[in-house]
*Asks:* 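One structure is given below, represented as structure tokens, and several questions about it will come after.
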Amino acid sequence: MPIEREELPVDILFVGAGPACLTSALHLKKQLTAMGREDVEIAVIEKAQTVGSHILSGAVVDPRPLVELLGEDWRDSGIPVESWVDQEEVRHLSTTGALRIPVPPMLKNHGFPVISLSEMVTWLKDRCEEAEVMVFEGFPGHQFLHDAKGHIAGVRTMDKGLDASGNPGPGFEPGADISAKCTVLGEGVRGSLTRQLIDEQKLQGRNPQIYGTGGKELWKLPEGRFPAGKVLHTSGWPLSSTQYGGSWIYGLSGDRVSIGFVTALDAQQPWTDPWENFQRWKQHPFIAEILEGGEILKAGAKCLPEGGYWSRPRPWGNGFLIIGDAGSNLNVSRLKGVHTSMKTGLLAAETLLEAIRKDDFSAESLCSYDERFNNSWLKQELWRVRNYRAEFQGRGFWSGAIRAGIKYVLGGIGKEFIPLKADHDEMLKIHHAEPRPEPLEYDGEKLIDKVTQVYHSGSVHSEHQPSHLKVADTDLCISRCKEEYGNPCQHFCPANVYEIVDDDSGQEKLQINHSNCVHCKTCDILDPYQVITWTVPSDAGGPKYLGL
Ligand code: SF4
């Protein structure tokens with residue numbers, strides 16, 4: 001029997017309640033209201049049960065888009081700020097040393113706000129609702145709707161209450177069809193709808209996207225240990241000199257700190273384990289001294305898109321725009337993506353305003369986004385570091401840092417384009433790889449294993465639903481992957497989702513503990529055979545990062 005679905009027509013649909021979409025929706029609504037166009041319906045859908053629950057970032061924010069969205073007095077707007085940067089320090093770690101180095105220009109953050117991104121988007125959501133933007137929480141976008149011409153015409157949300165076989169179970173609720181004149185994809189890193197659209201419409205930029213996986217923890221420290229407003233970044237250990245990545249410690253109010261460590265996924269070794277790298281880093285004497293006597297309050301993990309300018313997909317087409325991290329707008333040289341995401345939201349809002357005036361949401365109309373981008377400070381910022389990550393890939397840390405640093409200081413001179421290889425293409429087969437370091441011993445308090453990380457993330461998924469992690473060929477795991485790559489999914493997943501276990505007949509098989517998943521997307525990216533696809537869960541489950 002055909003399933004009856006609720007139909008909800010709107011004018012503009014934003015997918016993903018992150019900084020890009022919420023900024024865009026609010027800016028657009030304010031301008032429409034000022035023009036007397038209260039008739040234009042704007043909706044935002046979010047896959048998490050609560051806006052902010054699936055958002056994880058450092059984060060020190062460059063406030064330029066806050067000024068553009070909220071005005072010069074944005075500091076008085078009530079936007080939640082943890083502290084203001086007033087001390088900056090950069091260290092390069094060796095096995096036991098911590099060499100202090102000058103703060104490079106791209107890491108200068110003096111006077112910038114330190115925020116919890118989950119709290120900031122919660123605040124933006126409230127401003128959107130006050131402005132009469134509809135925000136639907138717990139509505140994961142599942143598939144696109146198309147009009148008679150085949151153009152994107154909205155999104156069908158995920159069916160809820162599916163049983164483990166994917167059939168309607170008790171409490172089944174069919175997903176709704178939300179039709180829209182324009183669908184704005186701001187799903188964040190490796191969004192499932194965006195990925196599908198980029199593949200189908202061949203939108204990928206000149207370079208493939210490359211990623212890093214970051215682990216983050218919120219700590220309470222002894223009084224006065226690390227002042228609010230102090231920002232510390234480290235490079236080096238425990239990464240080798242050929243690997244890219246680094247850490248942060250940001251001082252927050254109430255003797256709390258945000259700490260994190262990012263491992264680039266082009267690290268080549270099939271046993272690369274971003275979560276273990278993070279925990280290992282906390283053992284360094286310089287870091288351990290800072291954390292001594294503290295306790296972990298929350299934890300999580302997330303990927304970030306590091307490819308930059310040349311990895312940007314074409315961000316417009318018939319009936320759609322792509323913004324934020326989904327559109328590869330993060331500036332990895334500054335470890336910043338919040339301000340760039342917000343700026344793409346502002347540019348999209350201006351593009352949509354013109355499209356609404358003309359009632360034209362075709363590719364010919366929405367391509368004016370490119371002109372706005374090209375005339376913006378964002379283009380200048382991303383162009384200057386257009387080859388930043390490519391300078392590191394295959395060259396090693398110091399050579400990359402020197403080349404990228406010189407080019408930055410000289411305003412982005414040098415080759416127009418340097419190619420990148422996708423992370424999974426960089427992975428070495430096990431017999432070419434370096435030996436794996438001794439596994440770390442976790443103490444469960446300061447050094448937490450992956451299962452404890454899941455506990456601290458608050459991640460929950462119903463066991464009675466189909467796994468949202470689709471592995472196209474699980475025989476491959478035993479027949480080829482074990483021998484060729486040593487089953488890297490057991491290492492790179494920060495939530496212990498993938499395990500090779502004995503089946504009942506004494507053979508090995510892949511076990512997928514999907515309920516542990518913290519939605520970081522590493523498996524979808526780094527699997528060497530590209531047979532893992534991350535999809536949205538039926539129960540809108542996942543982590544609870546509010547406050548992290
Ligand atoms: Fe991340 Fe994939 Fe593991 Fe989920 S299953 S936590 S998306 S690596």
Side-chain angles (χ1 to χ4, degrees), residues 16 47-48 53-57 140 158 187-195 209-217 260-267 270-279 298-305 325-326 423-424 427 448-463 465-472 474 477 481 485-501 510-545 548:
K47 72 182 172 73
S53 288
H54 292 181
I55 292 265
L56 182 142
S57 179
M158 187 70 192
E187 295 176 289
V189 62
R190 196 78 164 188
S192 46
L193 286 172
T194 314
R195 181 187 185 205
Q209 184 55 271
I210 63 167
Y211 302 85
T213 297
K216 177 177 175 181
E217 291 170 356
F261 192 96
V262 178
T263 300
L265 296 183
D266 58 0
W271 40 259
T272 294
D273 189 330
W275 186 257
E276 194 177 74
N277 285 342
F278 178 27
Q279 301 304 304
K298 275 181 160 289
K302 187 95 181 155
C303 285
L304 54 153
D325 279 1
D423 297 316
H424 69 274
M427 189 183 286
I448 56 171
D449 64 15
K450 296 177 179 185
V451 175
T452 313
Q453 184 270 124
V454 174
Y455 166 77
H456 281 291
S457 76
S459 195
V460 180
H461 294 86
S462 163
E463 299 276 358
Q465 64 176 330
S467 169
H468 64 285
L469 300 151
K470 312 293 182 197
V471 182
T474 49
C477 306
C481 187
Y485 293 99
N487 296 122
C489 58
Q490 296 190 109
H491 303 295
F492 60 59
C493 171
N496 211 38
V497 168
Y498 300 98
E499 288 185 287
I500 303 295
V501 298
L510 178 70
Q511 176 173 292
I512 303 173
N513 308 313
H514 73 260
S515 57
N516 282 8
C517 178
V518 295
H519 297 202
C520 74
K521 317 287 177 69
T522 309
C523 54
D524 190 290
I525 294 159
L526 198 53
D527 155 44
Y529 304 97
Q530 295 289 282
V531 293
I532 302 178
T533 304
W534 188 96
T535 65
V536 288
S538 163
D539 68 344
K544 295 185 181 65
Y545 288 150
L548 182 58

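Read the numbers this way: they start at 1 and go in the same order the structure lists the ligands and their atoms.
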*Asks:* Tally of protein N/O/S atoms under 2.8 Å from atom 2 (Fe) of ligand 1?
*Replies:* 1

*Asks:* Does Asp527 use its side chain to pair, donor to acceptor, with the backbone of Tyr529 at less than 3.5 Å?
*Replies:* yes

*Asks:* Under 3.5 Å, side chain of Asn513 to main-chain N/O of Glu499, donor-acceptor pair present?
*Replies:* no

*Asks:* So which pairs with a foot in residues 533-545 pass side-chain hydrogen bond (donor to acceptor under 3.5 Å, both in side chains), sequence neighbours left out?
*Replies:* Gln465-Asp539

*Asks:* Can you list everything that forms a ring pair (Phe, Tyr, Trp, His ring centres under 6.0 Å) with Tyr455? Sequence neighbours excluded, please.
*Replies:* none

*Asks:* Apply ring pair (Phe, Tyr, Trp, His ring centres under 6.0 Å) to His424 and list each qualifying residue two or more places apart in sequence or on a separate chain.
*Replies:* none

*Asks:* Say whether, by atom type as modelled, one donor and one acceptor occur between the side chain of Glu187 and the main chain of Ala326 under 3.5 angstrom.
*Replies:* no

*Asks:* Looking only at protein heavy atoms, which one is nearest to atom 6 (S) of ligand 1, and how far off is it?
*Replies:* Val518 N, 3.4 Å

